[in-house]
Protein chains: 2
Amino acid sequence: MAEPLFDRLCLLGIGLIGSSIARVARVRGDLARTVVAHAKTPATLARVRELSIADVVEPDAAKAVQGADCVIFCVPVGAYAEVMAQVAPHLKPGAIVTDVGSTKMSVLRDLGPLMPAGCHLVPAHPMAGTEYSGPDAGFPELFQGRYTIITPVAGTDPEAVEKVRELWRRCGSMIETLDPATHDKVVAIVSHLPHLLAFTIVSTADDLAEETKEAVLKFAASGFRDFTRIAASDPTMWRDVFLNNREALLEMLARFTEDSHALGRAVRWGQAEFIEDRIRRGRKIRQGLIERKQA
Amino acid sequence: MAEPLFDRLCLLGIGLIGSSIARVARVRGDLARTVVAHAKTPATLARVRELSIADVVEPDAAKAVQGADCVIFCVPVGAYAEVMAQVAPHLKPGAIVTDVGSTKMSVLRDLGPLMPAGCHLVPAHPMAGTEYSGPDAGFPELFQGRYTIITPVAGTDPEAVEKVRELWRRCGSMIETLDPATHDKVVAIVSHLPHLLAFTIVSTADDLAEETKEAVLKFAASGFRDFTRIAASDPTMWRDVFLNNREALLEMLARFTEDSHALGRAVRWGQAEFIEDRIRRGRKIRQGLIERKQA
């Protein structure tokens, strides 16, 4: 077994992602000598104790970070500012502060100003997840073969960045680096907009007349069924993601809306070639994913 | 083995659905004594011969239907009128004419007027498919556990309807009956709109700046990846589906667009409760599917 990467690793929040990291630490033994888990609700704390996936379970965030050489924010991105205000004065000198949030400009905005001198902020985003949430939903293989995007700002201590990269390598991830603004645009189209569309279409179906709605549930063919799977994701997390990637998401929604209107117009006016061209582009992109082994 | 349901079964078109029916007939032996396959292109005809999934392979549609007591339209719905014009004068007296198309009002419009007196039109829609197409894509288990919706019009010979029901039962389907207009509305929201959205979002991504597009392909997280799978479907088939379910599809697109604007507006103005409510409805619908074992 390799030398543990950290002495004391603190997970602020222990839902799907946090509890998966904790499980990797348990299975491998080389992420940290001690794993500290913090959660807000007594129910989650009790469940984490039952699952026995952390060495220390700590209800007080300020106490949880004490002595930790690495602190990972695993709470919904909307809670970062509040949690940071609680923990910042208690961070160990030289500690690495990182996160797993789906929006990265917001991390700089919410954590950056409160970072103590000498501590290192290295935002990260493991692109892995399921539609389930909570400490029971995690599993140690979650990150295997998936990308983790690191978005360090210029001037960050290279050693701290390398430690975060190594953390994710040990979790089984492939590592990429992007600037935070590009990250936010890419995930807006790749992940946030698809979720917004999925949430919307099930709402639209839910508003149909009762008789039609019953039939919708009965005949949910593969198209709609896939959307409902996406749409079953955690409400708090996704609310926060949308609100914290507002500009990029609204830009992608605007582009998408223009394009869907163009396709709808082609359907109305019977423009067969335009419709076929759109569908062909779908196949081409899919082929690109298959070639990249991302399909 | 049960008595074959038909003496001579003619499949007009032998792509994913047609070739799956042919394979069920081969495996079970009790769909028909003789299976006739018709296709338009020499390449498809040659491939069907190689695959040996039909007893007779016939390039001429008019000859293909001769003597058949059941004829199934398995071509894209946009081709029904043209094919019907070729075959109608050659249908055997008393023959059952059915189909597998995703739109049902269009079947009445395109086949109804040309039906010879004494023949029986029983439209059907097996709600099964994959993103693959062509005679190689079919497999005999495709319809197992999936619904097939029958949309007979009032006055249709009950014996003919029952034979089509039994055909799909033998294919492994669960059978439901709907009126054609309700069918078209339900599939518009359950299947056609999700496909339209999927085709659109991959087009939108395809129009992004080259650098962003590369990143999109690289980081296709589960949300976007699921959309590309749907978007990889057969262009001709889906073009025809959209054009032949125009009114219902445009109505559902309009409803969806209103709802996506409302959600986008909530993101812009930070209306957290509205956003959460939309996401919660997604979970509720998903739960409904799970309870109905359609998830």
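A note on names: the letters A, B, ... follow the listed sequences, proteins ahead of strands, and every chain is numbered from 1. Hydrogens, waters and symmetry mates are skipped; everything else that's a heavy atom, side chains included, is used.
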Tell me, out of [options], who's got the most heavy-atom pairs with chain B below 4.5 Å.
| options | value |
| --- | --- |
| A:Ala231, A:Pro194, A:Gly282 | A:Pro194 |
| A:Pro235, A:Ala128, A:Ala198 | A:Pro235 |
| A:Leu196, A:Thr182, A:Thr212, A:Asp277 | A:Leu196 |
| A:His192, A:Glu176, A:Lys185 | A:Glu176 |
| A:Gln287, A:Glu276, A:Met252 | A:Glu276 |

Is any side-chain N of the basic residue among B:Arg255 and A:Asp207 closer than 4.0 Å to the acidic one's carboxylate O?
-> no
Atom pair [atom1]/[atom2] of [X] and [Y] - distance to nearest 0.5 Å:
| X | Y | atom1 | atom2 | value |
| --- | --- | --- | --- | --- |
| A:Lys218 | B:Ile149 | NZ | CD1 | 9.5 Å |
| A:Phe227 | B:Arg286 | CZ | CZ | 13.0 Å |
| A:Glu251 | B:Leu208 | CD | CG | 8.0 Å |
| B:Asp226 | A:Arg225 | CG | CZ | 11.0 Å |

Checking B:Arg239 side chain against A:Ala272 main chain: does a donor-acceptor pair fall under 3.5 Å?
->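 No: the side chain of B:Arg239 does not pair with the backbone of A:Ala272.
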Verify, without hydrogens or angle tests, whether B:Arg283 (side chain) and A:Ala232 (backbone) share a donor-acceptor contact under 3.5 angstrom.
-> yes
Can you tell me which of [options] forms the most heavy-atom pairs within a distance under 4.5 Å of chain A?
| options | result |
| --- | --- |
| B:Leu253, B:Val202, B:Thr200 | B:Thr200 |
| B:Asp234, B:Asn245, B:Thr236 | B:Asp234 |
| B:Leu193, B:Val187, B:Leu243, B:Thr130 | B:Leu243 |
| B:Thr257, B:Asp240, B:Leu250 | B:Leu250 |

Closest non-hydrogen atom pair, [X] against [Y]:
| X | Y | result |
| --- | --- | --- |
| B:Ile201 | A:Phe256 | N-CE1, 3.7 Å |
| B:Arg246 | A:Arg268 | NH1-O, 3.2 Å |
| B:Val186 | A:Ala215 | CG2-CB, 3.6 Å |
| B:Ser233 | A:Ile279 | O-CG2, 3.7 Å |
| B:Leu217 | A:Ile285 | CD2-O, 3.9 Å |
| A:Ser203 | B:Arg278 | OG-CD, 3.3 Å |

Side chain, backbone, both or neither of B:Leu197 within contact of chain A (heavy atoms, under 4.5 Å) = both
Take atom CD in A:Glu82; do more than 12 heavy atoms of anything else shown fall under 6.0 Å from it?
->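 Result for CD/A:Glu82: open.
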Atom NZ of A:Lys213: over 12 foreign heavy atoms under 6.0 Å | yes
Results of side-chain contact (heavy atoms from CB on, under 4.5 Å) for B:Ala205 - residues two or more places apart only |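 Here the qualifying residues are A:Ile189, B:Val216, B:Phe224.
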Under the side-chain contact (heavy atoms from CB on, under 4.5 Å) test, residues paired with A:Pro180 that sit two or more places apart |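 Testing A:Pro180 for side-chain contact (heavy atoms from CB on, under 4.5 Å), a comparison that skips the adjacent residues, returns A:Lys104, A:Met105, A:Leu108, A:Thr151.
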Side chain from CB out, backbone as N, CA, C, O: work out which of these in A:Ser260 comes under 4.5 Å of a heavy atom of chain B, or both, or neither.
-> both
Which portion of A:His261 sits near chain B, non-hydrogen atoms under 4.5 angstrom = side chain
If we only count heavy atoms from C-beta on, is the B:Asp206 to A:Lys284 side-chain gap below 4.5 Å?
->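 With C-beta onward as the side chain, the pair touches.
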Go through A:Ile275 and B:Trp238 one step at a time and tell me if the side-chain contact (heavy atoms from CB on, under 4.5 Å) criterion holds.
-> CA-CA 9 Å; A:Ile275 300 171; B:Trp238 279 100; over 6 Å; no
B:Asp259 and A:Thr204: side chain donor to acceptor below 3.5 Å | yes
